[in-house]
Amino acid sequence: MKDITKLAKKYKFDTNSFDISKNEYYTFCNTINNPNFSVEASENAFKSLCKNLAQILDVAASEINLKENATFFVPKKLIRPPRIAFETEISDINITLGLFRDFYLATPINNPQNIKFMKDEFWSLLFELSTLGKFGFKEGEQPDKNMRQKHPQLFNKTGNYYKLLRNYFLFESDYALIRNLGSISVSWDNSTKFDKLIPNICNSFKLMYRINLLLWRQDNKDVKI
């Protein structure tokens, strides 16, 4: 687990200012009927929160000693939910940090066709995500009617890991092809203090990057990054 004291000293940030920024965002952006609401205050609170999220994502990326170029996408206009995207140039890994009810870090599962080649390291990384926050899985290509009729005993199950594995194996066994498995995420209650949130984001970011890098590497063994 990353040490927040060392991170704050190394990257020169103050978690208290992050907490203040988040509270101002809720005051000025999410409560239009609040007597303190104003368009200018709302825009300033949004920009401040996005700036902080971008700094956190930058810290997380710096902590993995990235060996390829990456781009950060920061919204210039007030959008909801506020979110910052990170995308690598070579491996095409996209990770998003945002605030929508809860704080969340999410990434699409790229190259899902390579899951069958993954060794134990991949599965250890995937399951470790649930130790850092609330793990989530959002379906991409969903099982069709034929799959549901053929395998009715596999449905009406709610576990996120279960649905991820079920969908992968269904498409692999029935069609030997899956184009879009979906995305995985880790989320934290929006009341979580940044001194606890930032280390978990950094560790989750590292796991998500490594998970997708392993899947990408299967088809790009000669590419150096």
Side-chain angles (χ1 to χ4, degrees), residues 1-11 13 15 18-19 22 52-67 70 81 83-88 91 93-112 114-140 154 157-169 181-218:
M1 177 64 71
K2 300 292 183 181
D3 184 289
I4 187 59
T5 303
K6 292 181 179 179
L7 288 173
K9 183 177 181 180
K10 181 179 180 179
Y11 296 100
F13 62 79
T15 57
F18 287 5
D19 285 315
K22 180 197 69 175
N52 289 337
L53 293 179
Q55 184 175 3
I56 293 170
L57 201 57
D58 185 41
V59 168
S62 299
E63 282 296 292
I64 65 171
N65 298 316
L66 194 67
K67 296 181 180 179
R83 57 189 180 273
I84 309 299
F86 161 94
E87 186 175 302
T88 58
S91 57
I93 296 172
N94 184 292
I95 302 176
T96 299
L97 174 62
L99 174 61
F100 180 65
R101 298 193 183 96
D102 296 327
F103 287 103
Y104 69 90
L105 193 72
T107 184
I109 303 172
N110 295 339
N111 307 294
N114 291 331
I115 287 179
K116 58 181 170 289
F117 301 115
M118 293 297 100
K119 298 181 180 179
D120 288 345
E121 178 190 0
F122 173 86
W123 299 106
S124 295
L125 296 171
L126 184 65
F127 291 126
E128 188 178 347
L129 286 171
S130 63
T131 69
L132 300 172
K134 183 179 179 182
F135 177 80
F137 168 65
K138 183 178 180 181
E139 291 179 306
L154 299 181
K157 306 296 189 297
T158 58
N160 284 295
Y161 281 115
Y162 173 83
K163 286 191 291 185
L164 186 159
L165 293 170
R166 179 199 65 195
N167 287 9
Y168 168 72
F169 285 116
L181 181 58
S183 62
I184 55 176
S185 65
V186 181
S187 61
W188 303 270
D189 187 274
N190 59 35
S191 64
T192 305
K193 295 293 184 181
F194 279 92
D195 60 350
K196 295 183 179 179
L197 182 66
I198 293 173
N200 281 322
I201 289 174
C202 288
N203 283 284
S204 299
F205 183 97
K206 181 179 180 179
L207 294 175
M208 288 181 178
Y209 178 78
R210 182 62 180 167
I211 286 168
N212 267 321
L213 189 65
L214 288 171
L215 291 168
W216 174 84
R217 177 65 70 190
Q218 187 63 35

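Nothing fancy with the numbering, it's 1 onward along the sequence.
In this structure, Thr192 and Lys22 approach most closely via the heavy-atom pair O-NZ, 4.1 Å. Shortest non-hydrogen contact noted between Phe86 and Ala61 is CE1-CB, 3.8 Å. Closest approach of Gly133 to Trp188, counting heavy atoms only: CA-NE1, 3.6 Å. Smallest separation of non-hydrogen atoms from Thr88 and Ile93: OG1-N, 2.8 Å. Here the shortest heavy-atom pairing between Phe100 and Pro81 reads CB-CB, 3.5 Å. Counting all heavy atoms, side chain and backbone alike, Ile84 lies closest to Ala54 at CG1-N, 3.7 Å.
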### Task
List the steps and the verdict of side chain to side chain contact (heavy atoms under 4.5 Å, CB included) for Leu126 and Ile184.
CA-CA 9 Å; Leu126 184 65; Ile184 55 176; 4.1 Å; yes
### Query
Would Ile109 and Phe137 count as a side chain to side chain contact (heavy atoms under 4.5 Å, CB included) if you check the C-alpha gap in whole Å, the side-chain angles of each, and the deciding distance to 0.1 Å?
CA-CA 10 Å; Ile109 303 172; Phe137 168 65; 4.3 Å; yes
### Task
Check the pair Tyr104, Ile201 against side chain to side chain contact (heavy atoms under 4.5 Å, CB included), reporting the backbone distance first and the verdict last.
CA-CA 8 Å; Tyr104 69 90; Ile201 289 174; over 6 Å; no
### Message
For Arg83 and Leu53: C-alpha separation, side-chain torsions, deciding distance, then whether side chain to side chain contact (heavy atoms under 4.5 Å, CB included) applies.
### Response
CA-CA 8 Å; Arg83 57 189 180 273; Leu53 293 179; over 6 Å; no
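With hydrogens and angles left out, the side-chain atoms of Asn167 and Glu139 include a donor and acceptor closer than 3.5 Å.
A salt bridge links Lys10 and Glu63; the closest N-O separation between the charged side-chain nitrogens and carboxylate oxygens is under 4.0 Å.
The line from CG of Leu213 to CD1 of Ile64 is 8.5 Å long, rounded to the nearest 0.5 Å. Ser185 contributes atom OG, which lies 8.5 Å from atom CG of Leu105 (distance to the nearest 0.5 angstrom). For the atom pair Leu164 CG and Lys138 NZ, the distance stands at 14.5 Å (nearest 0.5 Å). Atoms NZ and CG, on Lys206 and Asn65 in that order, are 8.5 Å from each other to the nearest 0.5 Å. Within the model, atoms OG of Ser124 and CG of Leu129 stand 11.5 Å from one another, a figure rounded to the nearest 0.5 Å. For the atom pair Asp3 CG and Cys202 SG, the distance stands at 11.0 Å (nearest 0.5 Å).
In this structure Tyr162 satisfies the side-chain contact (heavy atoms from CB on, under 4.5 Å) test together with Leu154, Lys157, Arg166, sequence neighbours excluded. For Asn110, the side-chain contact (heavy atoms from CB on, under 4.5 Å) partners two or more places apart in sequence, or in a different chain, are Pro108, Asn212.
Put simply, the side chain of Asn114 never gets that close to the backbone of Phe117: no donor and acceptor are under 3.5 Å apart. Between the side chain of Trp216 and the backbone N or O of Ile211 there is no donor-acceptor pair closer than 3.5 Å.
A side chain to side chain contact (heavy atoms under 4.5 Å, CB included) with Phe205 is found for one member of Ile56, Ile95, Asn200, Leu97 and no other, namely Ile95.
Contact annotation: the side chain of Leu57 never approaches that of Thr96 to less than 4.5 Å [non-hydrogen atoms, C-beta and beyond]. No side-chain heavy atom of Asn111 sits under 4.5 Å from any side-chain heavy atom of Gln218. Looking only at side-chain heavy atoms (C-beta outward), Pro112 and Leu215 stay at 4.5 Å or farther from each other. Inter-residue side-chain proximity for Lys134 and Asp189 is flagged as unmet; no heavy-atom pair is nearer than 4.5 Å.
Aromatic ring orientation, Tyr161 versus Phe135: parallel (interplanar angle below 30°, classes split at 30° and 60°). Using bins of under 30°, 30° to 60° and over 60° for the plane-to-plane angle, the ring pair Phe13/Phe18 lands in the parallel bin.
Ring to ring, Phe194 and Phe103 are close: their centroids are under 6.0 angstrom apart.
Within a 6.0 Å sphere centred on NZ of Lys163, heavy atoms belonging to other residues, nucleotides or ligands number more than 12. Environment of NZ in Lys116: crowded, with over 12 heavy atoms of neighbouring residues, nucleotides or ligands closer than 6.0 Å.
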